[in-house]
Amino acid sequence: MRILLVTLLFIFQSSYTYSQNLDSLLTAAKEIKNDSVRIRTFNKIGFSYIFNDSDKALQVITEGKTQAKESGFNFGLAELTNTHGIYMDVTGKSDSAKYYFTKALDLSHEHNFKNIEVMCINNLGMFHWNRSEYDDALRFFFDALRMNDAIGDEKQSHTYLNNIGLIYQEMNLNEKALSYHEKALKIREEHNLENDQITSLNNIGINLKDLGRIDEAIMTYKKGLVIAKRTNNLIEYYRLLDNLANAYNENNNYDLAIKTYLQALDKPEGFESDEASELSTYSNLTALYNEINEPQTALGYAEKGFKLIQKYPQIKANSGDLNLNTAESYYMLRNFKKAREHTHKFRILKDSIFSEKNAQAIADLEVKYDTEKKEKEILIQRAELAEHKLTIQKQNYQLYGVVCLAIVLGLIGYLFFNQQKLKNKQLKKENELKDALIKIETQNKLQEQRLRISRDLHDNIGAQLTFIISSIDNLKYGFDIKDETLNKRLESISNFTSETIYELRDTIWAMNKEEITIEDLILRITNYKDKARFASQEIEFNINVSSKVDIEKSFSSVTGIGIHRVVQEAVHNAIKHAKATKIEISIDKPKNYKLSIIDNGKGFDLNTIEKGNGLTNMKKRVNDLGGEFSIDSKLNEGTIISLTFPN
């Protein structure tokens, strides 16, 4: 949760300590006669309860909102609604948090409560930051900064400048991040906000180090340490020490780095340290001692790290680097069994993190699917009920007609029959119109769902596949791997992952289209030119389209991606297996639409060749799509693969 206590305390300008007896304060608050004072006191007490009794916090916030509505005190209602959003954020209900922040923002805007409005905008920025939606987070933080400047509260602008800097920092835009952290520091120095100055100096040091300005980073960390020690801010003091040690390590000053790491670990008794940060320090020491060729000493610190994990199992997810550094130590000591064990643990941990993210993405898609399925069932039930009512109504009319036919003259019966016929015709038209509207609505919802799924595939699975390639490259360049078999295996995994990304993009391309035209296929097939030239500069790749072909002719997205896959497989076989130097893709329309892939490769004897999965899969895919598949190949003369589809 990125809404830190420092940021949250800003919401109320007056200080409020948690050591007070909140229950007694709540009892006293209920006796206050002045509505505005009582309701704002409820707000402060409810805010304090959030961090030690969330159930009581919700009761107090709800009661305060009720009293604010009854008394018409809109300022207090806006404050309490914003606090309600903070409660939801702290308790992990992020979607509800966004609802209350937005509601508080609308209420503040309606009544021109500028100070609350800027708080709500900042909190909405935090909401999007928590979801890694950096563009939206930046937009809200910049809005908060502009509004704060309009209010004229220069002192408070340091909060928004700092938040903007942290967003740029997470986006690895270190130059931009550094600029905003320096602006925040300047304001914090002008107003003597020493604890905030420490935070700024730490952030500035991190960005200077990432920019390669190590000496400047070291000076910045030391300046922060002086202030932290003077103000007895031990949490930031030890964070600064750890970062300072990282800078020394980056500068190859190993002795000073070790000394500083040990200082960062030497915390006073009773100090509540950050276990994850302490684990990182042990991992850094292990890596450092490996760097200076002291693997036995490195294993001593690795052992301390693993003991810390046993004591605090919740930090196990952060143990990947420690396992990797420990494996390196054992490799250096030629204890290959232990090295492989820790390498395996590292791989399992990374796979677990990858699987959890995939499982969460899939779970989200399943929830969306189940929700839409239930909504569709409700619509069907309503349609059946309406149809049943219509049937009953029709039966009643028929009964009335029989009674009237027995009582009135034939002429009156004839007129009634015509009237009934007209009504039935009208009902039929209305039902046809309703069916058409339902069909259109269903198609729109299906298209929206396809777009959402394609975005999820691109943002989640695509990003994770890219992460795998990046991780393999880091392993290859970060470690001097002598094993050629392992190098080839890593290269094979990287190539397979890249191919998977291309196939994923093709799938997303097809999902985003209801229909795929021949022109779309031609443009997609044109991309094969680059792949063919990448395989060999000597390959000649041509696409010929007959004048008889209507390039606006469209297929369903399923048929279109099927054709695309078959062409892709045929071109791949011509390059990889047939060793072709010339590949031609021809699209013609003698009677039906015909697409041919012609190569001058080494070919094969159709009577003796054992058909593999590739040819079998291509034929099955075309047949499943309602087309015809044929192949003509002669040894040393090339191969022609043809796909025929009806008009």
Worksheet item: Could you give the distance from NZ (Lys602) to CD (Glu637), rounded to the nearest 0.5 Å?
Response: 15.5 Å

Fill in: Identified side-chain hydrogen bond (donor to acceptor under 3.5 Å, both in side chains) counterpart of Ser283 within the set Asn323, Thr326, Asn325, Asp321
Asn325

Discussion item. What I want to check is whether the side chains of Glu569 and Asn617 have a donor and an acceptor closer together than 3.5 Å.
Written reply: no

Worksheet item: Can you check side-chain contact (heavy atoms from CB on, under 4.5 Å) on Ile167 and Met171, steps first, answer last?
Response: CA-CA 6 Å; Ile167 293 290; Met171 295 171 72; 3.8 Å; yes

Practice prompt. Rounded to the nearest 0.5 Å, what's the gap from CD1 on Ile539 to NZ on Lys582? Could you check?
Written response: 13.5 Å

Worksheet item: Mind checking whether Tyr168 and Glu175 have side chains closer than 4.5 Å, heavy atoms only?
Response: no

Practice prompt. Decide yes or no on salt bridge (Lys or Arg N to Asp or Glu O under 4.0 Å) for Asp624 and Arg621, but give the supporting numbers first.
Written response: CA-CA 5 Å; Asp624 288 344; Arg621 190 189 292 271; over 6 Å; no

Worksheet item: Asp136 versus Tyr134: any side-chain heavy-atom pair under 4.5 Å?
Response: no

Practice prompt. Compare every heavy atom of Val549 with every heavy atom of Lys589, then report the nearest pair and how far apart it is.
Written response: N-CG2, 4.1 Å

Worksheet item: Taking all non-hydrogen atoms of both residues, which atom of Ile522 and which atom of Ile543 are closest, and how far apart?
Response: O-CD1, 4.4 Å

Item to complete: Search all heavy atoms of Gly305 against all heavy atoms of Leu279 and return the closest pair with its distance.
Response: O-CD1, 3.6 Å

Worksheet item: Going by heavy atoms in the side chains, are Leu322 and Thr286 under 4.5 Å from each other?
Response: yes

Worksheet item: Passes side-chain contact (heavy atoms from CB on, under 4.5 Å), Arg340 versus Phe336? Steps please.
Response: CA-CA 6 Å; Arg340 282 192 291 270; Phe336 300 117; 3.6 Å; yes

Worksheet entry | Test item: side-chain donor near acceptor, Glu628 and Thr644, under 3.5 Å | no

Discussion item. Would Lys548 and Tyr593 count as a side-chain contact (heavy atoms from CB on, under 4.5 Å) here? Give the steps.
Written reply: CA-CA 10 Å; Lys548 299 178 182 177; Tyr593 284 93; over 6 Å; no

Practice prompt. Supply the atom-to-atom distance Asn542 CG to Glu584 CD, rounded to the nearest 0.5 angstrom.
Written response: 6.0 Å

Discussion item. For the CG atom of Asp599 and the CD1 atom of Ile641, what is their distance to the nearest 0.5 Å?
Written reply: 7.5 Å

Practice prompt. Could you tell me whether Lys304 sits above the aromatic face of Phe306, with NZ or CZ closer than 6.0 angstrom to the six-membered ring centre and within 45 degrees of the axis?
Written response: no

Worksheet item: For Lys594, does the NZ atom have more than 12 heavy-atom neighbours from other residues, nucleotides or ligands under 6.0 Å away?
Response: no

Worksheet item: Would the number of heavy atoms belonging to other residues, nucleotides or ligands and lying under 6.0 Å from NZ of Lys634 be above 12?
Response: no

Item to complete: Could you note down all residue pairs passing ring pair (Phe, Tyr, Trp, His ring centres under 6.0 Å) where residues 280-300 supplies at least one of them, sequence neighbours left out?
Response: Tyr289-Tyr301

Discussion item. Does His577 have more than 12 heavy atoms from other residues, nucleotides or ligands lying within 6.0 Å of its NE2?
Written reply: yes

Fill in: Candidate pair Ile563 and Val622, rule side-chain contact (heavy atoms from CB on, under 4.5 Å), full reasoning
CA-CA 7 Å; Ile563 295 171; Val622 174; over 6 Å; no

Item to complete: With rounding to the nearest 0.5 Å, note down the distance linking OG in Ser586 to CD1 in Ile598.
Response: 5.5 Å

Worksheet item: Do His128 and Phe141 have ring centres separated by under 6.0 Å?
Response: no

Worksheet entry | 4.5 Å side-chain heavy-atom contact, Phe604 and Ile631 | yes

Discussion item. A side-chain contact here means heavy atoms from C-beta on lying under 4.5 Å apart; do Asn284 and Ser280 qualify?
Written reply: yes

Worksheet item: Atom CD1 in Ile597, atom NE2 in His572: separation rounded to 0.5 Å?
Response: 14.0 Å

Practice prompt. Scan side-chain atoms only and decide if Tyr248 and Asn246 contain a donor-acceptor pair under the 3.5 Å cut-off.
Written response: no

Practice prompt. Check whether more than 12 heavy atoms from other residues, nucleotides or ligands sit under 6.0 Å from atom NZ of Lys176, and answer yes or no.
Written response: no

Worksheet item: Is a side-chain donor-acceptor pair under 3.5 Å present for Ser556 with Thr559?
Response: yes

Fill in: Atom CD of Glu133 with >12 non-hydrogen neighbours under 6.0 angstrom
yes

Discussion item. Tell me the closest heavy-atom pair linking Leu288 and Tyr261, and the distance in Å.
Written reply: CD1-CE1, 3.8 Å

Worksheet item: Which atoms form the tightest heavy-atom contact between Pro590 and Asn592, and what is the distance?
Response: CD-O, 3.5 Å

Worksheet item: Quick one: are Ile206 and Gln169 in side-chain contact, heavy atoms under 4.5 Å?
Response: yes

Fill in: Check: Tyr330 and Glu328 side chains under 4.5 Å, non-hydrogen atoms
no

Worksheet item: In terms of side-chain geometry, is the basic nitrogen of Asp520 or Arg524 positioned less than 4.0 Å from the acidic oxygen of its partner?
Response: no

Worksheet entry | Thr581 vs Glu540 side-chain heavy atoms within contact, under 4.5 Å | no

Practice prompt. Taking all heavy atoms of Gly560 and all of Leu521, pick out the closest pair and write down the distance.
Written response: O-CD2, 3.5 Å

Response to the item:
side chain to side chain contact (heavy atoms under 4.5 Å, CB included) with Val566: of Leu595, Ile561, Leu643, only one passes, and it is Leu643

